Amino acid sequence: MAKGFNSRGMGGFGGMGGGMNMNMMKQVQKMQQDMAKMQEELAAKTYTAAAGGGMVTAEVNGQRQLLSVTIDPEAVDPEDVEMLQDMVVAAVNEAMRTAETDAADSMGKITGGLGLGI
C-alpha cells in the first residue's frame, strides 16, 4: 500500500510542477524580451550633467560612454587648471550616475524587484 501511495503522490506533484514550470518559463521569456527592449531604449538615450554652475557640461549615452564635454571658456584659468579638471570629473560622474539610476529604475520595473542583480 505504501508503495502505491508514493507513486500516486509523485504523479500528482509531477503534473502540478510541469504546469507551474511552463508558466514560469513564459514569464521568464517575456521578462527577457522586455529587458532586451529596455536595454535598446536605454542605449539610445543621452544624459547630460553640469558642474561649476554650468561651466562644464558632460553628455553620456545609455551605454555609459562619454559623448561630449563642453567647457565654457571662462572656466579656463591657466592659474587653476585643477579646478577645471575637478569640474570635468564632477560633470562626467554625475552624468554617469544619472544614466545608471535610469537603467536601474527601468530594469526594476521589468523585474518587479526580484533582486536579480541586473
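Below, each value reflects all heavy atoms present in this structure, side chains not excepted, and no hydrogens, waters or symmetry copies. What you see is a predicted model; the values in this text were computed from it and never measured. Residue numbers count from 1 along this sequence.
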Check whether any side-chain heavy atom of [X] lies under 4.5 Å from a side-chain heavy atom of [Y], and answer yes or no.
X: Leu67; Y: Val60; answer: no
X: Asp105; Y: Thr101; answer: yes
X: Thr48; Y: Thr57; answer: yes
X: Asp102; Y: Lys45; answer: yes
X: Met83; Y: Asp86; answer: no
X: Leu42; Y: Tyr47; answer: yes
X: Asp77; Y: Leu84; answer: no
X: Lys109; Y: Met38; answer: no

Minimum heavy-atom separation for [X] and [Y], please, with both atom names.
X: Ala50; Y: Gly54; answer: CB-CA, 3.9 Å
X: Met96; Y: Leu66; answer: CE-N, 4.3 Å
X: Ala75; Y: Met55; answer: N-CE, 3.4 Å
X: Ala51; Y: Ala91; answer: CB-N, 3.8 Å

Does Ile71 form a side-chain contact (heavy atoms from CB on, under 4.5 Å) with Val76? I'd like the steps, not just the answer.
CA-CA 8 Å; Ile71 300 172; Val76 181; 4.1 Å; yes
Once rounded to the nearest 0.5 Å, what's the spacing between atom [atom1] of [X] and atom [atom2] of [Y]?
X: Asp34; Y: Met107; atom1: CG; atom2: CE; value: 9.5 Å
X: Asn61; Y: Ser68; atom1: CG; atom2: OG; value: 10.5 Å
X: Gln85; Y: Met87; atom1: CD; atom2: CE; value: 10.0 Å

Should Glu100 and Arg97 be marked as a salt bridge (charged side-chain N to carboxylate O under 4.0 Å, His left out) after you check the CA-CA gap, both sets of side-chain angles, and the distance that decides it?
CA-CA 5 Å; Glu100 185 66 32; Arg97 270 192 296 275; over 6 Å; no
Under the salt bridge (Lys or Arg N to Asp or Glu O under 4.0 Å) test, residues paired with Glu41 that sit two or more places apart
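So Glu41 forms no salt bridge (Lys or Arg N to Asp or Glu O under 4.0 Å) with any residue.
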